[in-house]
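In the text below, chain A, chain B and the rest are named by the order of the sequence lines, each starting its count at 1.
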Amino acid sequence: MKDKLSLLVQHAITSALTAGHLHSLEAIPPIVMDIPKISAHGDYSTNIAMTIAASQKKAPRDIAGIIIDHIEDSDRLLSKVEVAGAGFINFFIAQSKWYEVLKAVHDKDKAYGTSQLGLGKCVQIEFVSANPTGPLHVGHGRCAAVGETLSAIFKAAGYDVEKEYYVNDSGRQIRTLGESVFVRYQQLLGKTIDLPKDGYQGAYIKDLARMLLDQEGQRLMDLPEDEAVAVCARFAAEKILAEIREDLVAFGISFDNWFSEQSLYDSGAVQAVMIQCKDQANVYEHEGALWFRTKDFGDEKDRVVVRANGLTTYFASDIAYHKDKFERGFDRVLDIWGADHHGYIPRVAASIQALGYDADRFQVLLVQMVNLLRGGKPVTMSTRAGEFVTLREVIDEVGRDAARFLFLLRHYESPLDFDLELAKKESNENPVYYVQYVHARISNILRKAEERGYTNISWDEDFPELINLSAEIELIKLMARYPEILGQSALLMEPHRIPFYLKELAGAFHAYYHDRNKHKVVSDDARLSAARLYLVSAIRIIIRNGLALMGVSAPETM
RNA sequence: GCCCCCGUAGCUCAGGGGAUAGAGCAAAGGAUUCCUAAUCCUUGCGCCGCAGGUUCGAUUCCUGCCGGGGGCACCA
């Protein structure tokens, strides 16, 4: 609807220009079509006359009048157009046109709301990518929910999406993991030995040591320490990664690709990119270490890629990794990181630029922290001491639906308070059920209707006479906004717009439903019942589609 | 010290330059012989952190300041 109107206005301006009623413009600016806050200002409104007023040297209201005169509404979309306020053009959509929206919802069904905004462009989204040194925690859960839903939104907007998990299965942290497990392993065999000072202290390390002991017996004691640690590291990382995968499956998150950091070393990719950097003079030696000239590309200082002890930093493999991403030919490369990694962005962006790739195609979304609460009180967590609430525990306690919904209810850039008690509440304080309940309610209505013989819910030409209460038209207008909301959340990469919209639609439906004296869906009037069933089942389609994007179930009963 | 995010109703938050700033919760009152009350209706609720700037117009964009959170290694 919005797009149609924008086109009308664009054509009107063009034709006004041709007719000489407007002074020539360098370019017609994009037509911004807003939905006014006040219904008296129309269904849609544009400020275009005001924005071009300066260059036209005419009063905005006069320009608006000229534009209106040139609008050719061949489809009879509009019932009224007016100039208002300082120069707004307000559009009132003919009521008959709203029924086409209603039909479109049914006709497109699962595809209602989808678009071709993405033009088939290929975007890679990398998210979660937690190191396999411990279980996923709630922060990862939020990143997972954002990444997964953003991927779904992109797909719905006509992008080709590939979801990837980068596994940091190499480097110092994995080594530390191995050392920690080996210490616990030795302790199980009665040795008095302390964890390294930067070791992992969580209870899961002891569990892993126990499993290793059961599987391998005492044979690690006969190996040189380096080898024993390596065995422990590999064993532990694999086990932890397997659990991460299980947790993600339980949370409804799936990846197209799991990319191993180690594979970049095994294939020689890291070494190759280092040589390339040397050839291109992007790196230099200083005090025994190899530094990358990230400062030349906007970072605040240069960064080490190979330490004086000969070991590469994670940055080195990250350079190779991002080079690999670009070589795979994605139009856009999107990383979703926890906000604590923000200082890392300039150097990765710098390295991409230094290697000659278009840095505009690379974007990082930073997802802010999750503050876990229980009944309003903070749940204390310390990763160092290994005391934290895992994603698995949250899913087990509050359920996947509530967790997914609440993680998405905030803009990802805002810190999120996640209250475990609230998430479990089956009341109006909890928005999850509010939305799901609409689906269950309509499903129930449809079941009752079926019992009474309404088995085929389809469009009939007399529906416009039957669906004409203002509450009903308002519902359809709200449904017309869904594709716009979906498109916006794709362009702005803002998944939170979906749950907000669903809450609004749910509220409008509940209000409509509740006034049952006026709006009883299934009544003695067969024609009216058929029409209203058509209306409410369209709402159900949108609720179901929206929840599906969020990875939240749409229950038939509650 | 530098960098990132946040600051809007009592609380939690929406509002990508526009007309009279919204929603949920909480508070008070009301609604169920009915397709699910996990619901609905009514009522009140605001120096949009402060100060400048850009603009015909700023909660929105820019700068500075104040307050809260996070990050600043040859760690990730």
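For A/L311 and B/C75, the CG to P distance is 9 Å, given to the nearest whole Å. Spacing between atom NZ of A/K57 and atom C1' of B/C56 amounts to 16 Å, rounded to whole angstrom units. Rounded to a whole Å, the CD atom of A/Q56 is 16 Å from the P atom of B/C56. A/K503 has its NZ atom 9 Å from the P atom of B/C25, to the nearest Å. B/C40 atom P lies 15 Å from atom NE2 of A/H519, rounded to whole Å. Put simply, NE2 on A/H514 is 10 Å from P on B/U39, counting in whole angstrom units. Remark: P of B/C3 and NZ of A/K295 are 14 Å apart, rounded to the nearest angstrom. Protein atom CH2 of A/W337 is 16 Å distant from nucleotide atom C1' of B/C5, rounded to whole Å.
Of the residues listed (A/Q262, A/E261, A/H322), the one engaging A/S317 in a side chain to side chain donor-acceptor pair (under 3.5 Å) is A/E261, and it is the only one.
Every residue two or more places apart in sequence or in another chain that forms a ring pair (Phe, Tyr, Trp, His ring centres under 6.0 Å) with A/Y321 is listed here: A/Y166, A/F259. Residues passing the salt bridge (Lys or Arg N to Asp or Glu O under 4.0 Å) test with A/R532, sequence neighbours excluded: A/E472. With sequence neighbours excluded, the residues forming a salt bridge (Lys or Arg N to Asp or Glu O under 4.0 Å) with A/K477 are A/D43, A/E474, listed by chain and number.
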Chi angles and distances behind the salt bridge (Lys or Arg N to Asp or Glu O under 4.0 Å) call for A/E504, A/R481 | CA-CA 11 Å; A/E504 197 178 343; A/R481 274 176 50 198; 3.5 Å; yes

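No contact: A/H439 has no heavy atom under 4.0 Å from any strand. At the heavy-atom level, A/K448 lies under 4.0 Å from the strands shown only through sugar-phosphate atoms. At the heavy-atom level, A/Y513 lies under 4.0 Å from base atoms of the strands shown.
The six-membered or imidazole ring of A/F463 lies near that of A/Y534, with a centre-to-centre distance under 6.0 Å.
The phosphate of B/A37 has neither OP1 nor OP2 within less than 4.0 Å of any side-chain N or O from A/Y434.
In this structure the side chain of A/N90 never reaches within 4.5 angstrom of the side chain of A/V81, judged on heavy atoms. Taking the side chain as every heavy atom from C-beta outward, A/M493 and A/F154 approach each other to under 4.5 Å. Proximity of A/R172 to A/D198: side-chain heavy atoms (C-beta onward) are separated by under 4.5 Å at one or more points.
Spacing between B/C74 and B/U12 at atom P, rounded to whole Å, works out to 39 Å. To the nearest whole angstrom, the two P atoms, one in B/G16 and one in B/C6, are 13 Å apart. Distance noted for atom C1' between B/C25 and B/U63: 37 Å (whole Å). Comparing the same atom, P, in B/C62 and in B/G7 gives a spacing of 14 Å after rounding to whole Å. For the C1' atom pair drawn from B/A21 and B/U8, the interatomic distance equals 8 Å after rounding to whole Å. Nucleotides B/G24 and B/C41 have their P atoms positioned 8 Å apart, rounded to a whole Å. To the nearest whole angstrom, the two P atoms, one in B/U60 and one in B/U42, are 32 Å apart. One P atom belongs to B/C48, the other to B/U59, and the distance between them is 8 Å to the nearest Å.
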Quick test: give all pairs of protein nitrogen or oxygen and nucleotides 70-74 of chain B nitrogen or oxygen below 3.5 Å, distance rounded to 0.1 Å.
{"residue": "B/G70", "atom": "N2", "partner": "A/H342", "partner atom": "ND1", "Å": "3.4"}
{"residue": "B/C74", "atom": "O2", "partner": "A/A308", "partner atom": "N", "Å": "2.8"}
{"residue": "B/C74", "atom": "N4", "partner": "A/E287", "partner atom": "O", "Å": "3.0"}

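Ionic pairing of A/K80 and A/E82 is present here: one or more N-O contacts between side-chain nitrogen and carboxylate oxygen are shorter than 4.0 angstrom. Under 4.0 Å is where a charged nitrogen must lie from a carboxylate oxygen, and between A/K325 and A/E126 at least one such pair does. Residues A/K425 and A/D419 are not paired through a salt bridge, judged by the lack of any N-O separation under 4.0 Å between the basic side chain and the carboxylate.
Atom CG of A/D524 sits in a sparse spot, with 12 or fewer heavy atoms from other residues, nucleotides or ligands closer than 6.0 Å.
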Given protein heavy atoms under 4.0 Å, the one-letter contact record of nucleotides 11-19 of chain B, with B base, S sugar-phosphate only and - none, is simply -SSSSB-BB

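Across the interface with RNA chain B, nearest-nucleotide mapping of A/N131 and A/R447 shows A/R447 to be the residue nearer the 5′ end. Heavy-atom distances to RNA chain B give each of A/A54 and A/E426 a nearest nucleotide, and the one nearer the 5′ end belongs to A/E426.
In RNA chain B, runs of at least 3 consecutive Watson-Crick or G-U pairs, each pair with both distances below 3.5 Å, span B:1-7 with B:66-72, B:10-13 with B:22-25, B:27-31 with B:39-43, B:49-53 with B:61-65.
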